[in-house]
2 protein chains.
Amino acid sequence: MPTEPLSRGRIVAAAIDLIEREGADAISMRRIAAELGVGVMSLYNHVPSKDALLNGVAEAVLSEIEFTDDPDAHWADRVRTQARAFRQIASHYPRSTMLVVSRQLHSAAGLLPVERALATLRSAGFDGAEAVSMLRVFIAYIVGSLLREVGVTPAFAPAHTRTISPVGVDAALFPEVSSLASLLDECDHEEEFEFGLEMLIQAAAARAERGSGEQGSRGQASRQRGSREGTR
Amino acid sequence: MPTEPLSRGRIVAAAIDLIEREGADAISMRRIAAELGVGVMSLYNHVPSKDALLNGVAEAVLSEIEFTDDPDAHWADRVRTQARAFRQIASHYPRSTMLVVSRQLHSAAGLLPVERALATLRSAGFDGAEAVSMLRVFIAYIVGSLLREVGVTPAFAPAHTRTISPVGVDAALFPEVSSLASLLDECDHEEEFEFGLEMLIQAAAARAERGSGEQGSRGQASRQRGSREGTR
DNA sequence: ACCTGAACACCGTTCAAGT
DNA sequence: ACCTGAACACCGTTCAAGT
């Protein structure tokens, strides 16, 4: 009594469900098939391989995040909104986050956020090259933040396993780490995310102002990369 | 004729070798054992599990990067040097990078870079809480950058598979993406890394200056997180 | 203490057979 | 077109047996 016909969508949904319930390590074609009450090989009628299925999972998760965008808002606010939308992945699909972040998606699901971000950065006055570089910087920061937030914790790492607690760190070898142990131990992920986001936006704003008149300023700045000379 | 006795170190080295040669997906306890010319179960005399072995791989890779640090240099230069040291992972051990980045290490190998970074940030005048937050921001950016750089490409993705080439993107739906396709297609990873690094250092420097007099400024700034108000 | 083969409970995917 | 069981070539790890 097949309540509903098998389909790519149902398979992907079952996979997401299983990942969020038991962790990314727990998923296998056989488990998913069992979850759907079908034979393993039935899955291959709708999905070419496990790898393709995982791409489907990443796409589905990414396309489910809310991407409201107000084109009339200040560009900095639009960047904030878009960055926070990405962070929703970590809270809505914590155990699938690694998957979303570690597979580059060449589909519309991945292209739409990029399109919006580029439009926003161009509206701030950046030229194409600047907008692309800036977008890459923001994405790198967001991806790294999400990875920290979801911890990539193996299944259910007990919260009591203190990692850098005052006890266990040699205060002579690591004075800073041991004196800041309590701060390193706990982390308000939202506050931390916002802190870095503001740093990046501030740096971007400084470049937006500076760049309004001069043309090749960024090209020069990037040309002196790799030099070991300091700021001052 | 056992040329050399089996040891944790030899096993980890063989694992790294195998990963760099055939990709992270290719490694298995059985393959590593075969590589070393021993039975699979012999590995378990020196390593409790595959998971522990992978932690060992991450540790070994991390501890092999050069961490020169000149305490007399300007703090911004020290940050630059340390950030670039991390990026060496991507060039020296591209296919192990994901492993290093996705496992939090509670060993000395992971603690030393943290200790140096905190000392550097404190020398810039940041208090403990600021230094810890700032460190997290830099790490998030670096981690995200490395992930982009190593591509997490499945084994040997042919370079000819153009992902966002001008052809294949609907210019009406994605005007920015399609007009900036050539810029999005290619990426000078070093230049890109330096670009974002300078943005973060600039933002950090602005906070270092501002914070020299006032005490609770950062606490206030972070307290207004989540507000939808803009910059201006 | 260190090594090991057999065995167990899993994998992803191919193939030939069904409807 | 869709489903499927058997089979193949793999996994990580336990266990009991060896030295």
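Here is how names work: the chains are called A, B, and so on, in the same order as the sequence lines, proteins then strands, and each is numbered from 1.
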Whole-Å distance between [N] [atom2] and [X] [atom1]?
| X | N | atom1 | atom2 | value |
| --- | --- | --- | --- | --- |
| A:R31 | C:dC10 | CZ | C1' | 12 Å |
| B:M29 | C:dC11 | CE | P | 19 Å |
| A:L43 | D:dC2 | CG | P | 14 Å |
| B:D25 | C:dG12 | CG | P | 13 Å |
| B:M41 | C:dA7 | CE | P | 15 Å |
| A:L6 | C:dT19 | CG | P | 20 Å |
| A:L36 | D:dC3 | CG | P | 11 Å |
| B:E22 | D:dC11 | CD | C1' | 16 Å |

Applying the 3.5 Å cut-off to both distances, the Watson-Crick or G-U partner of C:dG5 turns out to be D:dC15
Watson-Crick or G-U counterpart of D:dC10, or none if no pair lies under 3.5 Å: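 Because no pair has both required distances under 3.5 Å, D:dC10 counts as unpaired.
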Which class fits the ring pair A:F193 and A:Y141: parallel under 30°, tilted 30 to 60°, perpendicular over 60°? parallel
Where do A:F67 and A:F86 land on the ring pair (Phe, Tyr, Trp, His ring centres under 6.0 Å) test, with the steps shown first? CA-CA 9 Å; A:F67 253 116; A:F86 264 107; 5.6 Å; yes
With B:R87 as reference, evaluate B:H92, B:H189, B:E149 under the side-chain hydrogen bond (donor to acceptor under 3.5 Å, both in side chains) test and give the passing residue.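 Testing each of B:H92, B:H189, B:E149 against B:R87, the sole residue satisfying side-chain hydrogen bond (donor to acceptor under 3.5 Å, both in side chains) is B:E149.
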Heavy atoms under 4.0 Å, any strand shown: does A:S42 hit a base, just sugar-phosphate, or nothing?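 Base: the residue A:S42, judged by heavy atoms under 4.0 Å, touches a nucleobase.
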Taking the side chain of [X] as its heavy atoms from C-beta onward, which of [options] lies nearest to it?
| X | options | answer |
| --- | --- | --- |
| A:Y44 | C:dG12, D:dG12, D:dT4 | C:dG12 |
| A:S28 | C:dT4, C:dT13, C:dC11 | C:dC11 |
| B:K50 | D:dT13, D:dT4, C:dT13 | D:dT13 |
| B:N45 | D:dT4, C:dC11, C:dC2 | C:dC2 |

Taking OP1 and OP2 of C:dC3, is either one under 4.0 Å from a side-chain nitrogen or oxygen of B:H46?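 For B:H46, the contact criterion (side-chain N or O under 4.0 Å from OP1 or OP2 of C:dC3) is met.
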Can you name the nearest heavy-atom pair linking B:L135 to B:L121, along with the distance?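 Shortest heavy-atom contact: N-CD1, 3.7 Å.
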Please find the pair of heavy atoms, one from A:L99 and one from A:R103, that lie closest to each other, and give the distance. O-CG, 3.1 Å
A:G39 or A:R30: which one's nearest nucleotide on DNA chain D is closer to the 5' end?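 In this pair, the answer is A:G39.
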